[in-house]
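Everything on this sheet refers to the single structure shown next.
Here is how names work: the chains are called A, B, and so on, in the same order as the sequence lines, proteins then strands, and each is numbered from 1.
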2 protein chains.
Amino acid sequence: MRSTVKDVAARAGVSPKTVSNVVNGLVPVSESTRAKVEAAIAELDYIPNLSARGLRNGRSGVIALALPDLGTPYSAEVAHQIVEVAHEQGWSVQLEETGHDPHRELDLVSKARANLIDGLILNPIALDVSAIRTGGNLPPVVMIGEVEQHQVDHVGVDNFSAARDMTLALAAGGRRRIAILGTTENRRTATANIRTMGYRQALDDLGIDHDPHLEIACDEWIPGGSARALGNYLRENQLPEAIFCFTDSLAIGALSVLHLEGHRVPQDVLIAGFDDIDHGQFAVPALTTISFDKRALAEEVMRLLRGRMADRKREPVQLTLPYQLISRASSAAH
Amino acid sequence: MRSTVKDVAARAGVSPKTVSNVVNGLVPVSESTRAKVEAAIAELDYIPNLSARGLRNGRSGVIALALPDLGTPYSAEVAHQIVEVAHEQGWSVQLEETGHDPHRELDLVSKARANLIDGLILNPIALDVSAIRTGGNLPPVVMIGEVEQHQVDHVGVDNFSAARDMTLALAAGGRRRIAILGTTENRRTATANIRTMGYRQALDDLGIDHDPHLEIACDEWIPGGSARALGNYLRENQLPEAIFCFTDSLAIGALSVLHLEGHRVPQDVLIAGFDDIDHGQFAVPALTTISFDKRALAEEVMRLLRGRMADRKREPVQLTLPYQLISRASSAAH
DNA sequence: TTGAAAGCGCTACCAA
DNA sequence: TTGGTAGCGCTTTCAA
């Protein structure tokens, strides 16, 4: 049988309250009592029951992280940073995949309200199906990724400008037939929309007519999806001069199919991605991309979340992280 | 103020126990009372407090998944499958990174014993620093990955045979100078050890003398680590005829540095990886690797974990999943 | 500085 | 089928 505060108290000859004081270390306890209690804890192998503590305190020490697709390298890097920062600050992280089922976001909000998690980090794909739309009684939540809303705290990068910058960079050598890969047809994603807007803005800045044939759709943001999409595209269309892929994973699929079809990167076509995942730098050729500090993202998210937990009524904060365009071989002018 | 069973009971004119029966749906409840209770729940926006339920039932509905390094694509794919299967079976997943700090494994065991998590899925790197060594009062735990132990349930693939098979496959065209990349010097990892053993066994089978210079060390199992390690190696050593990298991530770093140094894969050197991560298939050239069904891994792990939770005294089960050697362009004979 | 008692919200037990 | 009561293990009053 598991031992409880009572057992420890009896063994140490003190009251349960004193044991609690020793364990939590907030109230001063005399050295001799502390020693007795600690000895009893060790002898009985006492471990505080966190469910009981959670019930009593109304806090569980757990936050949840909800990402659209956990299987991708990008998710892994974000999860890694969040778990690390949360851990340093004494929180555990519960992981959820919200991908194709908006109910899972709602479940999470519900679970937060059920006191099993103290807060929520949410990366929705499309705002219109997002749980935060339910309004009303929200738990502490911070959103990441591309969402246009002002109801809850948010941390992200300026995707519009980043996409515009990348398009301009690809056009720098005089190229005009610049394609994008990753627009979404069967699902509406805020990320794809806003990056498309940035791209179109750049074309506009350059005085290049917008050609809808250069916006290549790809619903699955994984290498297999983009390899298929670009492969099909190339069977019926001329090779663009440059392709701005909406994520590095898409770009890796693109590099693969271009290699197989005998097109040289960057000689025949420039390629760029977005996210700066670890593997991108080691792609063949190394991938030009948009980078931002994922550790900083995690830190800001946790800072906002703690702030929100402390004051649920505070005005929503919108935080924009700096990004960097990293030029590598896949877009090297020659 | 949050409403409780009591509030709902009062509102519906029934007892708290009846509310509980309605919510949990285990005990039959008459249609009319059920309707009343459900109406009261809706009106009061009642949500059961999971901490209280956890305290009462002794179970939280949460399991923990501990991986050495969450930032890698491999971790992402494993986490994805575990979260999906666990979710289907009604569990939430807490994520932990145990990487370079054995204390984090111990913390987890402790947390499991503290009733905040019902079970533990553990992928230790080196058994000798693993929490399960503490013996005694373990929570339900299933280990994954390469560990030689028989104290707890385990699911993995036969790494020795897989490494031997891969080495033999690389040698099939008559190559004899076959290197491995990923042996570890500064930390002892069971995975590296057992794959090295399989490699040596294959050389023995082939009658090839074992050359320690062909065992290239790389402590960091990420592309950056292997690019650096192989880059340094090539400055002082002849290019091997084939390199068996201990993970796909290592192989991707190797492909990158070989490309930059002007070595052609597979013409000048064959490359193979291990794990079959999604990006490997789209590497340039596509990566030969060892594959296993990660969904099946997740299912077996959850099956064992549930079994262990039901019967903590059952004999430890060791489960071996089938693997497959997938030949792609990076090792194509020519 | 320490103790006693009450209660967080839920469900299991026993009764009706 | 439903109700009353007790208690999971902890911490927070209030007193001593």
Side-chain angles (χ1 to χ4, degrees), chain A residues 1-41 44-62 110-118 139, chain B residues 1-41 44-62 110-118 139:
Chain A
M1 200 47 214
R2 271 266 295 280
S3 43
T4 73
V5 268
K6 260 187 181 160
D7 304 326
V8 175
R11 179 102 180 195
V14 299
S15 81
K17 166 65 178 154
T18 305
V19 175
S20 172
N21 287 342
V22 170
V23 170
N24 294 295
L26 300 173
V27 179
V29 178
S30 77
E31 203 42 62
S32 62
T33 1
R34 148 161 284 118
K36 275 191 300 185
V37 171
E38 280 170 352
I41 287 176
L44 295 174
D45 191 22
Y46 166 73
I47 294 179
N49 182 315
L50 296 182
S51 288
R53 185 177 286 172
L55 172 59
R56 179 67 244 206
N57 294 340
R59 307 191 316 101
S60 63
V62 180
S110 174
K111 211 178 277 164
R113 302 216 283 134
N115 274 34
L116 201 68
I117 57 185
D118 298 337
Chain B
M1 200 48 213
R2 271 266 295 280
S3 42
T4 73
V5 268
K6 259 186 182 163
D7 303 325
V8 175
R11 179 100 180 198
V14 299
S15 83
K17 168 61 179 154
T18 306
V19 175
S20 170
N21 286 342
V22 171
V23 170
N24 293 294
L26 300 173
V27 179
V29 177
S30 78
E31 203 42 61
S32 63
T33 14
R34 149 161 287 119
K36 276 190 299 185
V37 171
E38 279 171 353
I41 287 176
L44 296 174
D45 191 23
Y46 165 73
I47 295 181
N49 183 316
L50 297 181
S51 289
R53 184 177 287 172
L55 172 59
R56 180 67 244 206
N57 293 341
R59 306 191 315 103
S60 63
V62 179
S110 173
K111 210 176 279 164
R113 302 218 282 134
N115 275 32
L116 202 68
I117 56 184
D118 298 337

Return a table of donor-acceptor pairs under 3.5 angstrom between the side chains of residues 5-14 of chain B and protein atoms on other chains or two or more places apart.
from: B:D7; atom 1: OD2; to: B:T4; atom 2: N; distance (Å): 2.8
from: B:R11; atom 1: NE; to: B:E43; atom 2: OE1; distance (Å): 2.6
from: B:R11; atom 1: NH2; to: B:E43; atom 2: OE1; distance (Å): 2.5

When the distance from CG of A:L55 to C1' of D:dG7 is rounded to whole Å, what number comes out?
-> 12 Å
So the salt bridge (Lys or Arg N to Asp or Glu O under 4.0 Å) pairs with at least one residue in residues 12-27 of chain A (sequence neighbours excluded) are none
Within a strict 4.5 Å, meaning less than it, do heavy atoms of the A:N21 and A:V37 side chains meet?
-> no
Qualifying residues under side-chain hydrogen bond (donor to acceptor under 3.5 Å, both in side chains), relative to B:N24, sequence neighbours excluded = B:S20
Residues that B:S51 engages under side-chain hydrogen bond (donor to acceptor under 3.5 Å, both in side chains), provided they are two or more places apart = none
Under 4.0 Å: is that the gap between some side-chain N or O of B:S30 and OP1 or OP2 of D:dT2?
-> yes
Please list, chain by chain and in numerical order, all residues satisfying salt bridge (Lys or Arg N to Asp or Glu O under 4.0 Å) with B:R56, sequence neighbours excluded.
-> none
So the salt bridge (Lys or Arg N to Asp or Glu O under 4.0 Å) pairs with at least one residue in residues 18-41 of chain B (sequence neighbours excluded) are B:R34-B:E38
D:dC8 C1' sits how many Å from A:D7 CG, rounded?
-> 13 Å
May I ask you to verify if any side-chain N or O of B:S51 is less than 4.0 angstrom from the OP1 or OP2 atom of C:dC8?
-> no
Between its two end axes (five pairs each) the helix from C:dT1-D:dA16 to C:dA16-D:dT1 turns, nearest 10 degrees, through 30°
Could you list the residues that satisfy side-chain hydrogen bond (donor to acceptor under 3.5 Å, both in side chains) with B:N115, not counting sequence neighbours?
-> A:R2
Heavy-atom protein contacts under 4.0 Å, nucleotides 10-16 of chain D, coded B base, S sugar-phosphate only, - none | BBB----
